[in-house]
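Notes follow once the structure below has been shown.
In what follows, chains carry the letters A, B, and so on, assigned in the order in which the sequence lines appear, proteins first and then strands, with residues in each chain numbered from 1.
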There are 2 protein chains.
Amino acid sequence: MNLKELATKLGLSPTTVSRALNGYPEVNEATRERVMAAAKRHNYRPNTRAIRLATGRALAVGHVIPLATRHEIVNPIFADFIAGAGETYSRNGYDMILSVVPDESEEQAYRDLKSRGSADGVILHAPRMNDSRIPLLHEIGIPFVVHGRATGTDLPYSWVDVNNRRAFQRATEFLLDLGHLRIGLVNGLEFMDFAIRRRTGYVDALAARGLSPDPALMASDEMTEISGYRAASAMLDLPAPPTAFLVASMISGMGVRRAIEERGLRMGRDISVIIHDDDLSYMKNGDDVPIFTATRSSVRDAGRIAADLLLGIIANPGHGPEHRLLEAELIIGQSTGPAPRPHAPEKA
Amino acid sequence: MNLKELATKLGLSPTTVSRALNGYPEVNEATRERVMAAAKRHNYRPNTRAIRLATGRALAVGHVIPLATRHEIVNPIFADFIAGAGETYSRNGYDMILSVVPDESEEQAYRDLKSRGSADGVILHAPRMNDSRIPLLHEIGIPFVVHGRATGTDLPYSWVDVNNRRAFQRATEFLLDLGHLRIGLVNGLEFMDFAIRRRTGYVDALAARGLSPDPALMASDEMTEISGYRAASAMLDLPAPPTAFLVASMISGMGVRRAIEERGLRMGRDISVIIHDDDLSYMKNGDDVPIFTATRSSVRDAGRIAADLLLGIIANPGHGPEHRLLEAELIIGQSTGPAPRPHAPEKA
DNA sequence: TGCATCATCCAAAGCGGTTTGAGTGTGATT
DNA sequence: AATCACACTCAAACCGCTTTGGATGATGCA
């Protein structure tokens, strides 16, 4: 059932039927209702392909996922972000198209999205420092929103980000207030923008108390269980081990916990741990009482917001870049406690 | 730059240019090369929207993701599956479109995909017993491939699945061979087809040794860290606790390990654990030596295969349903060992 | 030489919608 | 009664490509 058939059945022209269905004013209300009813009765759905061609809009948003040798993007955080963004898209009649491409053809993927007209805009994931994709998207001339920020770029762009610096600064202060002086940082890869900001927050908080960061207490790697385990193990085996850890994700946090418990120590009593919690749907940080003390910010919400921004920009290309800085909450769980009393040299 | 402009520039008709670019035989080789060169020079990309309308094909595959109150699908397994399928799609010039919809409009989402013509086929995720979506997709008349199977449906359909029964049967036998007699099953939700098959494998292996399953040693829940922890904790606190666990996923496995270590026991020595490992890119089960003994099957490969099957069916609608049953490998890690000797009653 | 064959190329008709530019009939205005 | 604005409706062009059904000239063969 297409428009023409429906029009014939109604004894109207396609023009009128199209206008009636799309809410244009120059159609008699009685006619409109008749058309609407017939459309529903015959279960008419306009063909998306035709609409796209006729209107010159793709009605779709692209997400490009490079498949690197190091699979950083296809990760749990990504899945939840997508879920959030997807909600917004389908509510607004947009499709979400995912392009999974080999690392080296990422640039071409963006160009194709534009020149072949299959997306009206894109979301840029996992920005790095001086990310070359931002100038690229500017050059291509396609609306985009960045999930995160890219230090080093002077071009304007829209973004949604968590205040990573502040979150890690607060977490560090919290640990310092508990008396912890040696705090291990188990960070993400530090060519990623968010990881740099987190480290900055950590370093700043230390500096504010007159402490200088110990390179031996700062690790940076992918956020996997294994790498969390390794980083924490190495630090715990130092002559002067940390009494607390600041960890970039829930998953690395599990590795850190394993390293702690493997040494017969107890998390929350002997060693404190704060993680960053993206509030993933299938990786809840406890139900009632959080297991980990955490800086929490829902990445799914970030997805929703990023999608909203992007659709806004697509509908209204004139608008200048927009930003949303989300604050993470610091939630207190069972993994933190006062620093253990230092072994005072026993005096006779 | 569109086809007409390019044709004008070449002094040819759009027909000929189109044919030259698409490799049709009725075009002079010299002309074809001239056209190809010009297309490259002017960086011409045919407009996808027009191709789709003209050919009546969507050149896209849909994945519908219901956003339930219980977010089962937006999970790490899904992300890796998508990555695998996405590779295949982009290699073949297809788009992947993700529809994230509220639980209750899942059916409508499939209908729309078909009637609005935005996908040539779909992949069905996370099938349950007697899954109603299979008859639905048959009725709609859209090609589809199921990731998994749906016990209880007598309609024919194409699928890709891991031999879950055999995998868990072998894992159980392996534990039995090590002398374990009480084996806890920490399963996924048992309205999911894969979970039922896994339990069957477990029960069958026990039965083959004349053992009958103890309901207190069988848990079924979402595959999260917490639920793994809870299930294992409960079982370990039984008067007759298990000496081994069979666990549905890496993530639940971490919870199980936590429960074990929290009780001062050591995984691999005091308690054996076998997990099912989907070989997720960011959740590696150890690099050199696997942490967990596991039944392993790459869900990313499954995604590739499912996509291949689907594109085949789309290109060749006549073909009957196709199946791929993947065998999981049993890999030996550090989490299993012989059952501890039972405390023999001490005789004087 | 005459005619069928073949290799090339093109005009035009779709695909299924949207949108422009007119054309009606009606009631109000003067 | 003539004029005009207004409310509706429609025919046709258009979006950018594919594909059908010729057309043209060169070639092959008798």
*Residues from residues 37-55 of chain B sitting under 4.0 Å of DNA chain C, heavy atoms only?*
B:L53, B:A54

*Charged N-O contact under 4.0 Å between B:R32 and B:E26*: no

_Residues in ring-ring contact (aromatic ring centres under 6.0 Å, His included) contact with B:H323, at least two apart in sequence or another chain_ = B:W159

*Between the axis at one end of the helix from C:dT1-D:dA30 to C:dT30-D:dA1 and the axis at the other (five pairs apiece), what's the angle to 10 degrees?*
60°

*Taking NZ, NE, NH1 and NH2 as the nitrogens, is one of them in B:R52 or B:D120 under 4.0 Å from a carboxylate oxygen of the other?*
no

*Any salt bridge between B:R324 and B:D161, counting N to O under 4.0 Å?*
no

_By side-chain contact (heavy atoms from CB on, under 4.5 Å) - contacts of A:E104 (at least two apart)_ = A:P102

_Using the ring-ring contact (aromatic ring centres under 6.0 Å, His included) criterion, which residues pair with B:H138? Sequence neighbours excluded._
B:F144

*Does B:S13 have any side-chain contact (heavy atoms from CB on, under 4.5 Å) partners at least two apart in sequence or in another chain, and if so, which?*
B:T15, B:T16

*asked:* What range of DNA chain C does chain B touch, first nucleotide to last, counting atoms under 4.0 Å from its heavy atoms?
replied: C:dT8 to C:dG16

*side-chain hydrogen bond (donor to acceptor under 3.5 Å, both in side chains) with B:D193: which residues, sequence neighbours excluded?*
B:T151, B:R197

*Do any pairs count as a ring pair (Phe, Tyr, Trp, His ring centres under 6.0 Å) and have a residue in residues 10-61 of chain A, sequence neighbours left out, and if so which ones?*
none

*When you check every protein heavy atom under 4.0 Å of nucleotides 7-13 of chain D, what one-letter string (B, S, -) results, 5' to 3'?*
-SBBBB-

*Please name all residues satisfying side-chain contact (heavy atoms from CB on, under 4.5 Å) with A:A302, sequence neighbours left out, ordered by chain then number.*
A:F81, A:H147, A:V160, A:L326

*Partner residues of B:N2 under the side-chain contact (heavy atoms from CB on, under 4.5 Å) criterion, sequence neighbours left out*: B:K4, B:E5

